[in-house]
K.L.:
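Structure in structure tokens, see below.
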2 protein chains.
Amino acid sequence: MTALHLKTAEFEKATHSDFFNIAVSVDCVIFGYEDKKLKVLLIKSDLEEFDGLWSLLGDLVRPNEDLEEAPYRVLLDRTGLKDVFLQQVQTFGSINRHPSGRVVTTAYYSLINIINHQPKSLENEVHWHSVKGLENLAFDHKLILDTCLKRLQEQIMEHPIVFNLLGEKFSLRQLQDLYEAILGIDLDRRNFRKRITLKGWLVDLNEMEEDVPHRPGKLYKLRNQLRKEFCLGEKKHLEAVVSN
Amino acid sequence: MTALHLKTAEFEKATHSDFFNIAVSVDCVIFGYEDKKLKVLLIKSDLEEFDGLWSLLGDLVRPNEDLEEAPYRVLLDRTGLKDVFLQQVQTFGSINRHPSGRVVTTAYYSLINIINHQPKSLENEVHWHSVKGLENLAFDHKLILDTCLKRLQEQIMEHPIVFNLLGEKFSLRQLQDLYEAILGIDLDRRNFRKRITLKGWLVDLNEMEEDVPHRPGKLYKLRNQLRKEFCLGEKKHLEAVVSN
DNA sequence: CATAGAATGTGTTTGAAGTACATAATGTAA
DNA sequence: TTACATTATGTACTTCAAACACATTCTATG
């Protein structure tokens, strides 16, 4: 006998009082990259229970909103960015994870260029924090962050998803610094170049770095096709992007 | 201004009426294996809207129940099995995916040995179905099934998770048949043996198949350590298992 | 009992991809 | 001009996956 498979008036009533009383939220782990460090966008929690702690950017899913739409809305509200890469990672639903009631949350991660969103420090208490050494987040947000970071680490060698974190043009050294920041390990320069170039993700621009205090490196960019597919949101958003 | 970060009486009221009215369910994609075919456990839907269609085994998450507990309960209720491997895959939350109201569902997959659960045909309308060629499931369950199958396919070469689908002792031929059923492709016998034995998952029992109409193959079993880790539920269940 | 047939068990070769490591070339700065 | 840092590229060794061939062991049949 499962609750979903009865079909009486009593059931309807019982179901709605007993079961349809959960809120669903989305939490966005928004990664950025600055100063050779991986960062994450956090907001000061204003719940008494988590006074002074930082939390991920999230919000409740609205009644007229698909789950998958919600993180795009959060991202648009918080960063002004749309058509971004966004991926569902995992759902967290411990009974007491939220002090205000039963809130089940689905975590998404995203990658945006910090240059495009330097939060005005007065606006609201949104700040970029280094991922490394981050502790004591509100709710179960440390667990969510760790889970999303692990997923990100698993995916960066498989898919060209990190290029939102750089400018359009970049040197291989900059790209390697980024990979090292995400993975938390050092990579061999020569092997890294080989692996990346073999993937065929990059286009050689035949340009050189400028204003660097050393020998300039060649500049590359991500292939246009791939930028559309992996950096600008999901397939349903593709049409709008392509038509621009 | 996000709903989660206000904190007034009005907010409380508005929040609870507007947001805390979703039900969360879990749906279990329970894979089995029989007759060299991958199967999935389905139940006849008794919702009018899906008359005659099959659906996955699921249930609403209870108020006093962690999300992660729910699929274990469903599995226990439906199959009598506990301490099984179970993994969260993805959460589905389209507005109208459930005709009875807003139900967000988290999908899990599991692997159990059909021998241990031959549903009594009278009991309730639970049956094993071949995964291949399955169409027209209730709700968005076809999408959920496809998503879980894809995840399963991605994982079977990385982790020793499929051994619940076989008896304790098995030949490499039987194991290969299983992999082929899951992946939907043919594998080369010699390369398969090499890949599997290199992983160090198996123990050679120094026994032979019996009652087979051809040359008997050697029998293997999964290493005990791995059976505990990957076939008998998650870490939180490990202690209970180990103490048996 | 001999032989054919079918499935098991164990290689080798080849090429692609990953790892470890060295050297040449180009720019800055003293 | 020289020292130094950084870019750019190459080579040998290993690991991994795919394609492929042959010998062994049991059953079945005449």
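A, B, ... follow the sequence lines: proteins, then strands. Residue 1 opens every chain. Below, all heavy atoms of this structure are taken into account, side chains as well, without hydrogens, waters or symmetry copies.
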K.L.:
Should the pair B:Asp146-B:Lys150 be classified as a salt bridge under the 4.0 Å nitrogen-to-oxygen rule?
P.N.:
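Not counted as a salt bridge, because no side-chain N and carboxylate O are separated by less than 4.0 Å.
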
K.L.:
Parallel, tilted or perpendicular: which fits the ring planes of A:His127 and A:His129, with parallel below 30° and perpendicular above 60°?
P.N.:
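Perpendicular: the ring planes of A:His127 and A:His129 meet at over 60°.
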
K.L.:
Between atom CD in A:Glu209 and atom C1' in C:dG27, what is the gap in whole Å?
P.N.:
11 Å

K.L.:
From the options D:dT9, D:dA8, C:dT8, select the nucleotide whose nearest atom is closest to the side chain of B:Arg215.
P.N.:
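Side chain of B:Arg215 sits closest to C:dT8.
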
K.L.:
Rounded to whole Å, how long is the line connecting atom CD of A:Glu210 with atom P of C:dT26?
P.N.:
18 Å

K.L.:
How many whole angstroms separate atom CD1 of B:Ile196 from atom P of D:dC16?
P.N.:
14 Å

K.L.:
If I take atom NE2 in residue B:His214 and atom P in nucleotide D:dT27, what distance separates them, rounded to the nearest angstrom?
P.N.:
10 Å

K.L.:
More than 12 foreign heavy atoms under 6.0 Å from CD of A:Glu154: is that the case here?
P.N.:
yes

K.L.:
How long is the straight-line distance from NE2 of A:His141 back to CG of A:Asp27, given to the nearest 0.5 Å?
P.N.:
3.5 Å

K.L.:
Separation of A:Asp186 atom CG from C:dC21 atom C1', in whole Å?
P.N.:
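After rounding, the reported distance stands at 16 Å.
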
K.L.:
By nearest atom, which of the nucleotides D:dA8, C:dT8, C:dG11 is closest to the A:Arg189 side chain?
P.N.:
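For A:Arg189, the side-chain atoms sit closest to D:dA8.
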
K.L.:
For the pair made of CG in A:Leu198 and P in C:dG18, what is the distance, rounded to whole Å?
P.N.:
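Between P of C:dG18 and CG of A:Leu198: 7 Å.
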
K.L.:
If you check every side-chain atom of A:Arg173, which of C:dC21, C:dT12, D:dT7 has the closest atom?
P.N.:
D:dT7

K.L.:
Closest approach to the side chain of A:Asn191, judged atom by atom: which nucleotide of C:dA7, C:dA20, C:dT26 is it?
P.N.:
C:dA20

K.L.:
Of A:Lys194 and A:Met208, whose closest DNA chain C nucleotide lies nearer the 5' terminus?
P.N.:
A:Lys194

K.L.:
A:Gln176 CD to D:dT9 P: how many Å, rounded?
P.N.:
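So the CD-P distance, A:Gln176 to D:dT9, works out to 15 Å.
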
K.L.:
Answer yes if the ring centres of A:Phe163 and A:Phe230 are under 6.0 angstrom apart, and no otherwise.
P.N.:
no

K.L.:
Looking at D:dT9, I'd like to know if its phosphate oxygens (OP1 or OP2) sit under 4.0 Å from a side-chain N or O belonging to A:Arg193.
P.N.:
yes

K.L.:
Using a cut-off of strictly less than 4.0 Å, decide whether A:Arg195 has a side-chain nitrogen or oxygen near OP1 or OP2 of C:dT19.
P.N.:
yes

K.L.:
Between D:dC20, C:dA7, C:dG9, which nucleotide gets closest to the side-chain atoms of B:Arg190?
P.N.:
D:dC20

K.L.:
Give the rounded distance in Å between these two atoms: NZ of B:Lys218 and P of D:dT25.
P.N.:
12 Å

K.L.:
Nearest to the side chain of A:Asp188, which nucleotide is it out of C:dA7, C:dC21, D:dA8?
P.N.:
C:dC21

